[in-house]
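First up is the structure itself, then whatever we jot down about it.
For ligands, and for the atoms within them, numbers begin at 1 and follow the listed sequence. FYI, the numbering just counts along the sequence from 1. Everything numeric in this text was worked out from a predicted model, so none of it was measured.
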Amino acid sequence: MVEPQRRGEPVPEDIGTDDCLTSYTHIYSPDLLKDQVAFITGGGSGIGLRIAEIFMRHGCDTVIASRNLDRLKEAAQKLSAASGRRCIPLCLDVRQPESIAAAVDETLRELGRLDILINNAAGNFLCPADSLSFNGFKTVIEIDTMGTFNTSKVVYEKWFKNHGGNIVNISATLGYRGQGLQVHAGTAKAANDAMTRHLAVEWGPSGVRVNSVAPGPISGTEGFRRLGGLSREADAEFQSIPLQRAGNKTEMAHCTLFLASKASSYVTGSILVADGGSWMTSANDISVLLGFWSSEKKRDK
Ligand code: HXC
Ligand code: NAP
């Protein structure tokens with residue numbers, strides 16, 4: 001396929017796999033997060049991994065935390081090699097507050113401080129509401145919404161309450177127009193957007209800012225693949241997006257870096273939609289989504 005002529009500013013470097021960039025051009029000062037520490041849930045893959053990398057390339061040490069310790073260890077090695085900063089892989093399940101508490105204690109023991117929390121862990125799949133089990137709905141709410149609250153509360157009580165800090169929640173635009181086959185994730189992320197504002201109000205006086213980035217379709221990610229991204233790309237559906245392309249992980253990391261750093265020092269309770277304008281113009285066609293869903297189900301059998 002011939003790439004359409006692109007107008008506008010150049011798109012930052014990205015790689016479609018869970019690897020670090022082979023080249024990177026700073027757009028912010030390389031010292032923007034110098035000697036800070038960030039705790040990133042789901043930092044071993046996809047958008048979370050690229051957030052870890054871009055933060056580390058700005059002088060930050062990181063903890064990447066999720067369930068699959070082998071994958072986290074591999075990611076941490078790559079991240080440290082690419083950036084020269086420390087990255088500690090820790091096992092937790094955001095549905096289990098005790099596992100979060102143990103990981104935050106370990107972070108403070110090893111790195112001595114905590115400046116930034118990125119709530120990026122999430123679970124999702126396409127499923128129509130009438131086929132979704134009670135437990136399927138509950139599972140996504142528990143990971144996305146309760147997981148975000150659990151992690152925020154543990155980090156606040158153990159460090160941010162007395163030292164201040166920055167929380168960035170990775171959201172989604174699914175709920176804005178009632179995206180088909182996404183009642184579970186759309187509901188969870190809408191609740192998270194409310195949580196962003198509630199916690200911004202309550203924790204602002206302690207010097208804690210709370211904001212969100214809401215990505216659109218981001219290439220080279222599990223979320224993109226699960227929601228039929230590859231077939232949509234093949235269909236040239238991106239022409240319906242104002243910016244006419246998928247976003248990339250580095251772009252999401254730059255938005256997150258803005259909200260997690262002093263570049264946004266008077267911003268709290270805000271949701272930065274980073275989707276190329278997609279939510280306003282993309283199709284929300286139930287029959288197309290059902291077709292994709294049933295073909296995936298047949299393939300899995
Ligand atoms: C319908 C499903 C399902 C599916 C699981 N379930 N997968 N229902 N369709 N594809 C149901 C199960 O049948 C079960 O219900 C319940 O959900 C729990 O399933 P488990 O497998 O036991 O859960 P668990 O092991 O905790 O795994 C959680 C998970 C899994 C969400 C189901 O997929 C996961 O770990 N995902 C993490 C990675 C991920 O999803 N990445 C994408 C994030 S992207 P029953 O009733 O049978 O017990 C994202 C994108 C946003 O959020 C927007 C993009 C534009
Ligand atoms: P991903 O690579 O699958 O990232 C999700 C991460 O969450 C994984 O690293 C996973 O690691 C972790 N995780 C899942 N359940 C967990 C649990 N119970 N406890 C701890 N960690 C858990 O997918 P992604 O596409 O990059 O998504 C990252 C974020 O962007 C998510 O919040 C997603 O909703 C959001 N988003 C993505 C897109 C997109 O196009 N990709 C669009 C909008 C929003 P383990 O398996 O090791 O636990």
Can you tell me if [X] has a non-hydrogen atom under 4.0 Å from ligand 1?
X      : answer
Cys127 : yes
Val140 : no
Gln182 : no
Arg67  : yes

Within the 3.5 Å criterion, strictly below it, is a donor on [X] or [Y] matched to an acceptor on the partner's side chain?
X      : Y      : answer
Ser270 : Asn211 : yes
Asn192 : Thr145 : yes
Asp275 : Thr173 : no
Asp193 : Ser171 : yes
Thr17  : Asp19  : yes
Ser83  : Glu53  : no
Thr151 : Thr41  : no

What atoms of ligand 1 come closer than 4.0 angstrom to any heavy atom of [X]?
X      : result
Ser133 : 15 (O), 45 (P), 46 (O)
Glu222 : 41 (N)
Thr139 : 16 (C), 18 (C), 23 (O), 26 (O), 28 (C)
Leu227 : 53 (C), 54 (C), 55 (C)
Arg95  : 26 (O)
Phe125 : 1 (C), 2 (C), 3 (C), 4 (C), 5 (C), 6 (N), 7 (N), 8 (N), 9 (N), 10 (N), 32 (C)
Gly136 : 11 (C), 15 (O), 16 (C), 17 (O)

Could you list the donor-acceptor pairs under 3.5 angstrom formed by side chains in residues 64-76, with sequence neighbours left out?
residue : atom : partner : partner atom : Å
Asn68   : OD1  : Asp70   : N            : 3.3
Asn68   : OD1  : Arg71   : N            : 3.1

Have a look at ligand 1 and work out which part of [X], if any, has a heavy atom under 4.0 Å from it: side chain, backbone, both or neither.
X      : value
Leu174 : side chain
Glu296 : neither
Arg226 : side chain

Note to self: Measuring only between side-chain heavy atoms, which start at C-beta, is Lys138 closer than 4.5 Å to Asn135?
What the structure shows: yes
Check: Do Tyr156 and Ile167 have side chains that get closer than 4.5 Å, going by heavy atoms?
Finding: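 No. Closest side-chain heavy atoms not under 4.5 Å.
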Return a table of N or O atom pairs, ligand 2 on one side and protein on the other, at distances under 3.5 Å, rounded to 0.1 Å.
residue  : atom   : partner : partner atom : Å
ligand 2 : 2 (O)  : Ser45   : OG           : 2.6
ligand 2 : 7 (O)  : Ala122  : N            : 3.4
ligand 2 : 9 (O)  : Gly42   : O            : 3.3
ligand 2 : 9 (O)  : Ser45   : OG           : 2.8
ligand 2 : 11 (O) : Ser66   : OG           : 3.4
ligand 2 : 11 (O) : Arg71   : NH2          : 3.4
ligand 2 : 15 (N) : Arg67   : NH2          : 3.4
ligand 2 : 18 (N) : Asp93   : OD1          : 2.9
ligand 2 : 19 (N) : Val94   : N            : 3.0
ligand 2 : 25 (O) : Gly223  : N            : 3.0
ligand 2 : 26 (O) : Ile47   : N            : 2.9
ligand 2 : 32 (O) : Asn120  : O            : 2.8
ligand 2 : 32 (O) : Lys189  : NZ           : 2.9
ligand 2 : 34 (O) : Lys189  : NZ           : 3.0
ligand 2 : 40 (O) : Gly216  : O            : 3.3
ligand 2 : 40 (O) : Ile218  : N            : 3.0
ligand 2 : 41 (N) : Thr221  : OG1          : 2.7
ligand 2 : 46 (O) : Arg67   : NH2          : 3.0
ligand 2 : 46 (O) : Arg71   : NH2          : 3.3
ligand 2 : 47 (O) : Ser66   : OG           : 2.7
ligand 2 : 47 (O) : Arg67   : N            : 3.3
ligand 2 : 47 (O) : Asn68   : N            : 2.9
ligand 2 : 48 (O) : Arg67   : N            : 2.9
ligand 2 : 48 (O) : Arg67   : NE           : 2.7
ligand 2 : 48 (O) : Arg67   : NH2          : 3.4

Margin query: Does this structure show an ion pair linking Glu110 with Arg86, if we count only N-O contacts that are shorter than 4.0 Å?
Written below: yes
Check: Got a sec: does the NE2 of His26 have more than 12 other heavy atoms crowding it under 6.0 Å?
Finding: yes
Next item on the list: Would you indicate whether Lys78, at its atom NZ, is surrounded by more than 12 heavy atoms from other residues, nucleotides or ligands within a distance under 6.0 Å?
Entry: yes
Next item on the list: For this output row, return yes or no: ring centroids of Phe160 and Trp203 closer than 6.0 angstrom.
Entry: no
Check: When you measure from atom 14 (C) of ligand 1 to each heavy atom in Ile143, Asn68, Asn135, which option holds the nearest one?
Finding: Asn135
Check: Is any N or O atom of Asn124, backbone or side chain, closer than 3.5 Å to an N or O atom of ligand 1?
Finding: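 Looking only at distances, the answer is yes, because the N/O contact criterion of under 3.5 Å is met.
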